[in-house]
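See below for the structure under consideration.
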Amino acid sequence: MNQLVFAIVTMLAGVLACAFYFFATNWILDAIFPSKGLSGAKASQNLRTTNAIRPWLFMLPALLALAIYLVYPVFESVRLSFHDRSGENLVGLSNFFWMLSDGEFRQSIFNNFLWLLVVPALSTFFGLVIAALTDRIWWGNIAKTLIFMPMAISFVGAAVIWKFVYDYRAEGSEQIGILNAIVTYFGGSPEAWITLPFWNNFFLMVILIWIQTGFAMVILSAALRGIPEETLEAAVIDGANGLQIFFKIMIPQIWGTIAVVWTTITILVLKVFDIVLAMTNGQWQTQVLANLMFDWMFRGGGDFGRGAAIAVVIMVLVVPIMIWNIRNAMRETGGH
């Protein structure tokens with residue numbers, strides 16, 4: 001109860017602080033550069049000045065937050081990656097050479113590669129198919145709402161939900177896990193699904209696919225609705241069937257949007273952490289780069305050098321995709 005009250009008070013305080021900041025900065029700006037009661041030229045000059053400054057005042061909190069929580073950590077991580085576990089003594093490239101010879105790091109790279117192959121592809125595919133199908137039925141908006149709902153759940157919350165799906169009890173006991181209940185109903189033996197090496201990675205991927213399909217569906221549904229009706233009508237007149245229209249007319253016209261959705265989910269997959277931490281904590285060969293970084297940085301006494309080196313690797317993998325995604329999005333919007 002105390003935590004709930006604290007959370008509510010924190011949210012209210014944050015909203016009130018934002019409102020006070022915007023009102024106060026507007027009042028101060030208008031007091032320094034007044035436009036009322038002045039001659040035409042002076043009033044016009046002050047008005048142009050306030051219009052130039054006001055957007056920066058509004059963006060200042062966000063810019064400060066970015067500088068403190070994004071820009072500074074990037075440079076500090078790069079610096080720490082060349083130092084020892086205490087972050088005080090320079091060790092050069094030793095941490096990066098260690099990564100190349102560490103079995104757990106190689107396992108993490110392999111697992112991240114699996115996630116990259118499966119999650120963006122299936123999330124985008126299911127999102128596209130659902131977007132196309134739900135636009136054809138009268139209860140499509142209800143279906144979209146239900147499919148989008150997992151997006152509102154935190155990754156840890158989703159992991160807790162799916163722990164009940166994969167829950168394992170000894171054979172002969174009542175199975176409360178949905179998957180094992182189905183298996184035993186048809187005469188099979190229950191399995192501890194998330195402890196099965198290699199396959200357990202796919203069971204974890206299902207959780208992220210479940211969450212991200214709603215995101216892909218919403219974006220791709222908007223893109224499909226933006227296709228000119230004249231194009232589709234012309235295809236129908238030429239004798240194209242539904243599948244031909246979908247694959248040869250609709251998909252080529254929204255290919256740029258599909259690529260943006262794909263790469264956005266790819267960036268998320270490279271940083272996947274919460275699901276693995278909550279479900280397996282990297283055990284049973286499910287380790288990924290972000291969780292490995294967390295282990296080295298904050299557990300076992302902490303090793304700032306090796307943890308930061310893994311963070312730099314994640315950043316090097318994410319940044320090129322992010323740049324390509326931004327450029328592609330700008331090209332889609334005509335550079336605006």
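None of the values given here were measured: they were computed from a predicted structure.
Ile194 and Thr280 get closest at one heavy-atom pair: O-CG2, 4.0 Å. Considering every non-hydrogen atom in both Pro120 and Ile265, the closest pair reads CA-CG2, 3.8 Å. Across all non-hydrogen atoms, the minimal contact from Asn200 to Trp284 is ND2-O, 2.8 Å.
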Handout entry: Worked verdict on Met315 versus Val74 for side-chain contact (heavy atoms from CB on, under 4.5 Å)
Key = CA-CA 9 Å; Met315 182 177 67; Val74 166; 3.6 Å; yes

Exercise for the section: Decide side-chain contact (heavy atoms from CB on, under 4.5 Å) for Met99 and Arg106; before the verdict, give the C-alpha distance in whole Å, the side-chain angles of both, and the deciding distance to 0.1 Å. Expected result: CA-CA 8 Å; Met99 285 192 298; Arg106 291 197 297 269; over 6 Å; no

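Although no hydrogens or angles enter the test, the distance criterion places no donor-acceptor pair under 3.5 Å between the side chain of Asn180 and the main chain of Pro190. Although no hydrogens or angles enter the test, the distance criterion places no donor-acceptor pair under 3.5 Å between the side chain of Thr213 and the main chain of Trp210. For Thr25 (side chain) and Phe22 (main-chain N/O), a donor-acceptor pair under 3.5 Å exists by modelled atom type. Judged by distance alone, the side chain of Asn95 and the main-chain N or O of Asp84 form no donor-acceptor pair under 3.5 Å. Under a 3.5 Å cut-off, the side chain of Asp102 and the backbone N or O of Glu104 do form a donor-acceptor pair. A donor-acceptor contact shorter than 3.5 Å links the side chain of Asn112 to the backbone of Leu289. Under a 3.5 Å cut-off, the side chain of Asn111 and the backbone N or O of Gln287 do form a donor-acceptor pair.
The aromatic rings of Phe294 and Phe298 lie tilted to each other, with the angle between the two planes from 30° to 60°. Using cut-offs of 30° and 60° on the angle between ring planes, the pair Phe105 and Trp98 is tilted. Ring pair Phe96/Phe82 is tilted by interplanar angle, where 30° to 60° counts as tilted.
Counting heavy atoms of neighbouring residues, nucleotides and ligands inside a 6.0 Å radius, atom CE of Met59 exceeds 12 of them.
Using a 4.5 Å cut-off on side-chain heavy atoms (C-beta onward), Ile182 and Phe186 make contact.
Screening Trp162, Tyr168, Phe164 against Tyr166 for a ring pair (Phe, Tyr, Trp, His ring centres under 6.0 Å) leaves a single residue, Trp162.
By the criterion of side-chain heavy atoms lying less than 4.5 angstrom apart, applied directly or through intervening Ile, Leu, Val, Met, Phe, Trp or Tyr residues, Leu70 is not grouped with Met293; the two fall into different hydrophobic clusters.
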